[in-house]
Amino acid sequence: MADETSLTRAAPAAPPGPPAALTAAPGYQVRRLYQAYLAVWIRAVDPTLTGPQFAVLTAVGASPGHDQRSMASAVALDTSTMADVARRLENRGLILRRTAADDGRRKLLYLTEEGERTLRDSNRRARELDNRLLEPFEGERREEVMHLLTSLAEHWEGLTEDS
């Protein structure tokens with residue numbers, strides 16, 4: 001039997017890899033993808049503009065004057081997260097939130113000039129990142145991967161409604 005001294009002096013073993021039970025779990029792989037995506041987003045697109053903020057800017061740019069609740073739905077955010085994101089974007093001078101004339105509870109969203117500039121610049125870098133992320137796939141295969149990701153997202157969102 002080895003004594004304590006020989007155990008502490010032994011060369012360190014290689015760190016363990018993830019157990020097969022994890023690597024076979026889709027949620028584990030999605031988490032890995034998302035962590036890597038966030039790390040690359042910060043370096044390649046914008047270190048201060050988050051993915052949800054970018055999504056809101058994109059939606060507001062495409063449909064200015066729509067209310068916060070419908071924009072939340074359009075970008076798959078819950079209403080409390082959307083309120084926080086919109087407040088942060090407003091504080092940064094990227095969007096304007098205007099109270100709807102017919103309903104004081106509804107906030108209508110518009111891009112500011114700075115918001116338009118930020119969206120234009122970050123959108124270009126985000127599209128470049130998209131190409132880098134899907135680089136291993138060409139043409140139809142790339143479309144197939146996007147179709148699979150979209151189908152999976154829709155299915156998983158449906159599971160949250162069934163619960």
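Only this structure's heavy atoms are used, side chains among them; waters, hydrogens and symmetry mates stay out.
- A donor-acceptor pair is defined here as one N or O able to donate and one able to accept, closer than 3.5 Å; no such pair exists between the side chain of Thr81 and the backbone of Leu77.
- Note: the hydrophobic cluster containing Val60 does not contain Leu108 (ILVMFWY, side chain heavy atoms under 4.5 Å, direct or indirect links).
- The line from CZ of Arg120 to CZ of Arg125 is 11.5 Å long, rounded to the nearest 0.5 Å.
- The side-chain heavy atoms of Pro47 and Trp41, taken from C-beta on, include no pair separated by under 4.5 Å.
- Grouping the Ile, Leu, Val, Met, Phe, Trp and Tyr side chains by contacts below 4.5 angstrom, directly or via other members, places Leu49 with Tyr34.
- Taking a 6.0 Å sphere around OH of Tyr28, one finds it holds more than 12 heavy atoms contributed by other residues, nucleotides or ligands.
- Counting all heavy atoms, side chain and backbone alike, Leu119 lies closest to Leu57 at CD2-O, 3.5 Å.
- Between Thr23 and Gln29, the closest heavy-atom pair is O-NE2, 3.0 Å.
- Judged purely by distance below 3.5 Å, without hydrogens or angles, the side chains of Arg127 and Asn131 never pair a donor atom with an acceptor atom.
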Test Glu144 against Arg141 for salt bridge (Lys or Arg N to Asp or Glu O under 4.0 Å), laying out the working first. CA-CA 5 Å; Glu144 181 184 347; Arg141 184 74 172 132; 3.2 Å; yes

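- By the criterion of side-chain heavy atoms lying less than 4.5 angstrom apart, applied directly or through intervening Ile, Leu, Val, Met, Phe, Trp or Tyr residues, Val85 is grouped together with Leu111 in one hydrophobic cluster.
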Show your reasoning for whether side chain to side chain contact (heavy atoms under 4.5 Å, CB included) applies to Asp67 and Met71. CA-CA 6 Å; Asp67 67 276; Met71 290 294 181; over 6 Å; no

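- Considering only heavy atoms from C-beta on, Leu133 stays 4.5 Å or farther from Leu33 through its side chain.
- Not a single donor-acceptor pair under 3.5 Å links the side chain of Ser122 to the backbone N or O of Val45.
- When atom types are taken as modelled, the side chain of Thr79 and the backbone of Arg69 share no donor-acceptor pair closer than 3.5 angstrom.
- Between Leu109 and Met82 the shortest heavy-atom distance is CD1-CE, 3.5 Å.
- When all heavy atoms are compared, the tightest approach of Ser80 to Asp78 is OG-OD1, 2.7 Å.
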Please report the C-alpha distance between Arg106 and Thr99 in whole Å, then the side-chain angles of each, then the deciding distance to 0.1 Å, and finally whether the side chain to side chain contact (heavy atoms under 4.5 Å, CB included) criterion is met. CA-CA 6 Å; Arg106 290 178 51 229; Thr99 302; over 6 Å; no

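- Partners of Ser73 by side chain to side chain contact (heavy atoms under 4.5 Å, CB included), not counting sequence neighbours: none found.
- Leu129 is connected to Val75 through a chain of hydrophobic side-chain contacts under 4.5 Å among Ile, Leu, Val, Met, Phe, Trp and Tyr, so both are in one cluster.
- Counted by atom type alone, Arg88 and Gln53 present zero donor-acceptor pairs between their side chains at under 3.5 Å.
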Can you check salt bridge (Lys or Arg N to Asp or Glu O under 4.0 Å) on Arg117 and Glu114, steps first, answer last? CA-CA 5 Å; Arg117 192 171 22 263; Glu114 181 62 23; 2.8 Å; yes

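- For residues 117-148, the set of pairs meeting the ring-ring contact (aromatic ring centres under 6.0 Å, His included) definition, not counting sequence neighbours, is empty.
- Proximity of a side-chain donor or acceptor of Ser70 to a complementary backbone N or O of His66 within less than 3.5 Å is not detected.
- Of all heavy-atom pairs spanning Ala76 and Glu157, the tightest one is CB-OE2, 3.9 Å.
- Residue Asn123 holds its CG atom at 8.5 Å from CG of Asp130, rounded to the nearest 0.5 Å.
- Residue-environment remark: CZ (Arg32) stays at or below the threshold of 12 foreign heavy atoms within 6.0 Å.
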List the steps, then state whether salt bridge (Lys or Arg N to Asp or Glu O under 4.0 Å) holds for Arg142 with Glu138. CA-CA 5 Å; Arg142 187 177 284 202; Glu138 295 291 328; 5.3 Å; no

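- Looking at heavy atoms from C-beta onward, Thr118 lies out of side-chain contact with Phe54 at the 4.5 angstrom threshold.
- Residues Gln68 and Ala86 come closest through the heavy atom pair OE1-CB, 3.7 Å.
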Just do the side chain to side chain contact (heavy atoms under 4.5 Å, CB included) check on Glu116 and Leu94 with the steps written out, would you? CA-CA 8 Å; Glu116 290 174 1; Leu94 301 178; over 6 Å; no

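- Arg124 has a carboxylate O that lies under 4.0 Å from a charged side-chain N of Glu128, or vice versa, which qualifies the two as a salt bridge.
- Residues Val56 and Tyr37 fall within the same hydrophobic cluster, defined by Ile, Leu, Val, Met, Phe, Trp and Tyr side chains chained together at heavy-atom separations under 4.5 Å.
- At most 12 non-hydrogen atoms from other residues, nucleotides or ligands lie less than 6.0 angstrom from CD of Glu140.
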Are Ile95 and Tyr110 close enough, and set up right, to give a side chain to side chain contact (heavy atoms under 4.5 Å, CB included), and what steps lead you there? CA-CA 5 Å; Ile95 66 167; Tyr110 301 89; over 6 Å; no

